[in-house]
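Chain naming here is simple, since letters A, B, ... match the order of the sequence lines and numbering starts at 1 in each. Predicted, not measured: the structure shown is a model, and the values here were computed from it.
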Number of protein chains: 2
Amino acid sequence: MAEKPKLLSTVLGSEQVPPHLARGVIEERLRSAILDGRLPPGTAVRQQELATLFGVSRMPVREALRQLEAQSLLQVVMHKGAVVAPLIGEDAVDTYALRVLLETEALRQSIPLLDADDIALARAYIRQLESETRHAEIGRLNRLFHMALYSKAQNQKLLRMIEIELNEEERFLRFHLSSMGLGKLTQDDHIALVDAASDKLVDEAIELLEEHLNHAARTIRSYLDRQSGN
Amino acid sequence: MAEKPKLLSTVLGSEQVPPHLARGVIEERLRSAILDGRLPPGTAVRQQELATLFGVSRMPVREALRQLEAQSLLQVVMHKGAVVAPLIGEDAVDTYALRVLLETEALRQSIPLLDADDIALARAYIRQLESETRHAEIGRLNRLFHMALYSKAQNQKLLRMIEIELNEEERFLRFHLSSMGLGKLTQDDHIALVDAASDKLVDEAIELLEEHLNHAARTIRSYLDRQSGN
DNA sequence: AACATGAAAATTGGATCCAATAACCCTAGT
DNA sequence: ACTAGGGTTATTGGATCCAATTTTCATGTT
């Protein structure tokens, strides 16, 4: 497959930033570029390249890379460089099992407190998903839809954890949506889910969500098996 | 209250480490010192102090501090320094609610797979807890006991998450055990728990664990309320 | 005596320089 | 022609130096 080695300046801006803000800015730019897929897994990130791009020394770049490594978005190897971390792989099954646990609980807490605005917002995301074809946007809308349903959960720590996992999934979908059949399929699940939430049918909604996530897990699983099998 | 500003060299070793290992060593030393409480929350950590202590420049120290900040063990403020992060506080309720969710699931997965050795190990920890008076050791044994019961859970990601939370609790107990009555209390819970696990009574064990954690949450909660109230 | 103002010291962050190491290429030998 | 070896180059990590900012302390004024 022909991987075109696109320049970093095309995927990140190239504005000159004041030095004392450099670390934060660079970190944020890189993070979002990695999360939304503009920097695919495996991409090598050079310190000097980023430094000249933002018009600073390598120092703030180093720090930013270390921060991202700590969040396991990058893997830094001595004298070799930083590469964008691989996507969900071996632990896909664990990840989705965990998500079922976390997200059903969030749903349980949230549904009774959801108001008409929340439901309307969720339905709006579904509507946008209907006509959306860009993968990055589909991933984003999917995340926003789910978070809209969980948004009223009381446990903030739980919500933060869920958001991390949804970001992971978004990143994964960004790359593999096309190659794995999935597409319209989930829309029915989404509609049923928001309907149940709207009617405050907690148990039914939980059951739907569980089914929805297990289905996704199975799809990804068989997709990954098929890939490594070939 | 009289806080004696003990020297860093007393809580960390003072061996000279080869420069190319400095970052990792320093990070590890600091992490364990923070986790097991030798560095109490609020302690200010100076870059130069660590640097001279280990006989290296400030560079590897900086990086180590950043790593620890990313794990939220430190809070670094511009031109002011790094202070050891505060313990469980506002989010204690969220934390324990989350732990109930995570740990009951781990227990559900683990119990059917526990063998005689696992049970024996758990009982050994209980026995050591009987005669132990040092808080740090009590916290450690408590963590090891719980992990022993969860150890056979299939979901590795779940286990990693639980271990993080248990480390947090260990750190908290290290400081507040004495001032909050708690002590022998949990031993009965522990014994009942391991008995249920030994008899493969999953639902009963889960119920016991839930009660155990909720009790701990209530204790900590009232302790914190009492503290801030005064 | 108390407070405000200012200067000095302490401390962190960035820039530049040097060392160590790994990747790469080119050449020579089979 | 292909492989092995060595040397050059690229790249990261640490050390040192400088800039920016905050804190602290002292001094003067009210």
TODO: Specify the residue among Met59(A) and Lys80(A) whose closest nucleotide of DNA chain C lies further upstream toward the 5′ end.
DONE: Met59(A)

Need one value for [X]: base, sugar-phosphate or nothing, where a base atom within 4.0 Å counts as base even if backbone is also close, heavy atoms only.
{"X": "Arg62(B)", "value": "base"}
{"X": "Met78(A)", "value": "sugar-phosphate"}
{"X": "Val45(A)", "value": "sugar-phosphate"}
{"X": "Arg46(B)", "value": "sugar-phosphate"}

Task: Counterpart residues, side chain to side chain contact (heavy atoms under 4.5 Å, CB included), relative to His190(A) (two or more places apart) - done: Ile126(A), Leu129(A), Asn142(A), Phe145(A), His146(A), Thr186(A), Gln187(A), His212(A)

Task: Pro19(B) side-chain proximity, nearest of dA15(D), dT12(C), dG14(C) - done: dA15(D)

Roughly how many Å is it from [atom1] in [X] to [atom2] in [N], rounded to a whole number?
{"X": "Glu63(B)", "N": "dT12(D)", "atom1": "CD", "atom2": "C1'", "value": "11 Å"}
{"X": "Gln75(A)", "N": "dT11(D)", "atom1": "CD", "atom2": "P", "value": "19 Å"}
{"X": "Arg58(B)", "N": "dA19(D)", "atom1": "CZ", "atom2": "C1'", "value": "12 Å"}
{"X": "His20(B)", "N": "dA22(C)", "atom1": "NE2", "atom2": "C1'", "value": "15 Å"}
{"X": "Gln67(A)", "N": "dG13(C)", "atom1": "CD", "atom2": "C1'", "value": "14 Å"}
{"X": "His79(A)", "N": "dC18(C)", "atom1": "NE2", "atom2": "C1'", "value": "12 Å"}
{"X": "Phe54(A)", "N": "dG14(C)", "atom1": "CZ", "atom2": "P", "value": "14 Å"}
{"X": "Gln48(B)", "N": "dT12(C)", "atom1": "CD", "atom2": "P", "value": "9 Å"}

TODO: Ignoring backbone atoms, establish whether Gln47(B) has a side-chain N or O less than 4.0 Å from OP1 or OP2 of dA10(C).
DONE: no

Open item on the list: Let me spell it out: for each of Ala82(A) and Ser57(B), pick the nucleotide of DNA chain D with the closest heavy atom. Which residue's pick is nearer the 5' end?
Closed with: Ala82(A)

Open item on the list: Strictly distance-based, threshold 3.5 Å: is any side-chain N or O of Ser110(B) a donor or acceptor partner for the main-chain N or O of Leu149(B)?
Closed with: yes

Task: Heavy-atom donor-acceptor pair, Arg66(B) side-chain to dG13(C) base, under 3.5 Å - done: no

Task: Test applied, side chain to side chain contact (heavy atoms under 4.5 Å, CB included); reference residue, Arg66(B); option that passes from Leu74(B), Val61(B), Val76(B) - done: Val76(B)

Task: Under 3.5 Å side-chain donor-acceptor pair for Glu163(B) and Tyr150(B) - done: no

TODO: Scan for side chain to side chain donor-acceptor pair (under 3.5 Å) pairs involving residues 52-62 of chain B, sequence neighbours excluded, and state none if there are none.
DONE: Gln47(B)-Arg58(B)

